[in-house]
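Step one of this worksheet: look at the structure below.
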Number of protein chains: 2
Amino acid sequence: MAKRKETSTNTENRNYITTCNLTYAVCLVGGRWKLLILCKLEIGKLRFGELRNQISNITERMLTLQLRELERDGMVKRTVYAEVPPRVEYELTDISKKLVPIWCQLSNWGAQHKETMLEKSANEIESLAESN
Amino acid sequence: MAKRKETSTNTENRNYITTCNLTYAVCLVGGRWKLLILCKLEIGKLRFGELRNQISNITERMLTLQLRELERDGMVKRTVYAEVPPRVEYELTDISKKLVPIWCQLSNWGAQHKETMLEKSANEIESLAESN
DNA sequence: GCCATTACTTACTTTTTTGTTAGTACCCTA
DNA sequence: TAGGGTACTAACAAAAAAGTAAGTAATGGC
């Protein structure tokens, strides 16, 4: 998020893993708040303050950081209006819009996974009860 | 990766963001090496040592940690054979197999994104040259 | 008895990410 | 001239993730 040591094994490994396009794709949205931000923008343009209000737990600092990275990576477009008080709008780019249908599928899968895990833990509790 | 403070804002926020099914889904595969591991297992069962050899930069510690988390989250199945030297096999579960088609799409998107970024930086260099 | 093999642990350090707090610039309005 | 609104930034602290190095257990073969 901040600057990185360019020589660490950590950085080397980051480069290594992103040669895989799938890992690369997931890394782009891997920051804690990024997908939440992108989901909000899916509906339309939003101002900085609107995003902040819609994602209740995020701090201004984190919102800024994540937006900056998303902008750098071509995932959002930032438009500054020369007004006072300032107005800045964020929106999805063409490339990030292409992800929308994939997000839907992933989201469905996530819901499925949650159910699976609930069943799993229910089973475990049951078999624990039986063994007593 | 290791234990977490259960009361930190960090942990609270993690809980908050994973109420979004999409974020939840991505978090499940968010560990640095997880997608690489899952991709290898897509083809079939693999032993611990085979995984290690196929992912050249990973350490045994990281492989173990990532596999443990994947197992905990129902993403891989671990089978231990009571032999000496030990033999342990890993494979995808039903729920993680359902992700395979989504991975393909994401991977294609990742490749597209890489191209887009290459063009983008080429343009920037060009306009930089022009302005001189 | 000693070594090799396999799949890990353990203790520790480094790096990265996330969160806290307190600012800033700008102009408009009261 | 004081205060308000907006979109940030800076300096710092805490937490989490990733990496390093050196073990361990079990047993079959020499």
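Each chain gets a letter, A, B and so on, in the order its sequence line appears, and its residues count up from 1.
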* Asked: Say you draw a straight line from CD1 of A/I37 to CE of A/M75; how long is it, rounded to the nearest 0.5 Å?
  ->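 Spacing of CD1 (A/I37) from CE (A/M75) equals 11.0 Å.
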
* Atom CG of B/N123 with >12 non-hydrogen neighbours under 6.0 angstrom ->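 Counting other residues, nucleotides and ligands, CG of B/N123 exceeds 12 neighbours.
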
* Asked: With respect to the side chain of A/T9, which nucleotide from D/dT20, C/dT20, C/dT18 is positioned closest?
  ->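 Side chain of A/T9 sits closest to D/dT20.
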
* Which pairs, with at least one residue in residues 81-129 of chain B and sequence neighbours excluded, count as a ring pair (Phe, Tyr, Trp, His ring centres under 6.0 Å)? ->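 Sorted result for residues 81-129 of chain B: A/Y24-B/H113, B/W109-B/H113.
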
* To do: Sort and list the pairs that fulfil ring pair (Phe, Tyr, Trp, His ring centres under 6.0 Å) and have at least one residue in residues 46-68 of chain B, not counting sequence neighbours.
  =>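 Matches after skipping sequence neighbours: none remain.
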
Whole-Å distance separating the [atom1] atom of [X] from the [atom2] atom of [N]:
| X | N | atom1 | atom2 | result |
| --- | --- | --- | --- | --- |
| B/N13 | C/dT20 | CG | C1' | 12 Å |
| B/R32 | C/dT16 | CZ | C1' | 9 Å |
| B/E83 | D/dT27 | CD | P | 12 Å |
| B/M62 | D/dA21 | CE | P | 16 Å |
| B/I17 | D/dA16 | CD1 | P | 13 Å |
| B/I55 | D/dA18 | CD1 | C1' | 15 Å |
| B/I58 | D/dA17 | CD1 | P | 16 Å |
| B/R14 | D/dA15 | CZ | C1' | 11 Å |

* Asked: What pairs with B/E91 under salt bridge (Lys or Arg N to Asp or Glu O under 4.0 Å), at least two apart in sequence or on another chain?
  ->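 If we apply the salt bridge (Lys or Arg N to Asp or Glu O under 4.0 Å) test to B/E91, skipping adjacent residues, the hits are B/K77.
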
* By salt bridge (Lys or Arg N to Asp or Glu O under 4.0 Å) - contacts of A/R52 (at least two apart) ->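 For A/R52, the residues satisfying salt bridge (Lys or Arg N to Asp or Glu O under 4.0 Å) (neighbours in sequence not counted) are A/E60.
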
* To do: Treat each ILVMFWY residue as a node, draw an edge where side-chain heavy atoms are under 4.5 Å apart, and state whether B/L51 and B/V80 are in one component.
  =>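 Yes, same cluster.
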
* Asked: According to a 4.5 Å side-chain heavy-atom criterion applied to Ile, Leu, Val, Met, Phe, Trp and Tyr, with indirect links allowed, do B/V88 and B/V84 form part of one hydrophobic cluster?
  ->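 No; B/V84 is not reachable from B/V88 via cluster members.
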
* Is there side-chain contact between B/D73 and B/V29, with at least one heavy-atom pair below 4.5 Å? ->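 Counting from C-beta outward, B/D73 and B/V29 never come under 4.5 Å.
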
I'd like a table of atom pairs between the protein and nucleotides 5-8 of chain D - only N or O on both sides, under 3.5 Å - with the distance next to each one.
residue : atom : partner : partner atom : Å
D/dT6   : O3'  : A/R47   : NH2          : 3.0
D/dT6   : O3'  : A/P86   : O            : 3.0
D/dA7   : OP1  : A/R47   : NE           : 2.9
D/dA7   : OP1  : A/R47   : NH2          : 2.9
D/dA7   : OP2  : A/G49   : N            : 3.0
D/dC8   : OP1  : A/R68   : NH2          : 3.4
D/dC8   : OP1  : A/R78   : NH2          : 2.4
D/dC8   : OP2  : A/Y90   : OH           : 2.7
D/dC8   : O3'  : A/R68   : NH2          : 3.4
D/dC8   : N4   : A/E60   : OE1          : 2.1

* To do: Runs of at least three consecutive Watson-Crick or G-U pairs, both distances under 3.5 Å, are what I'm after; which ones involve DNA chain D?
  =>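 The stems that DNA chain D takes part in, listed by first number, are C:1-30 with D:1-30.
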
So, does [X] get its side chain near the phosphate of [N], meaning an N or O under 4.0 Å from OP1 or OP2?
| X | N | value |
| --- | --- | --- |
| B/S8 | D/dA16 | yes |
| A/Q66 | C/dT17 | no |
| A/T11 | D/dG19 | no |

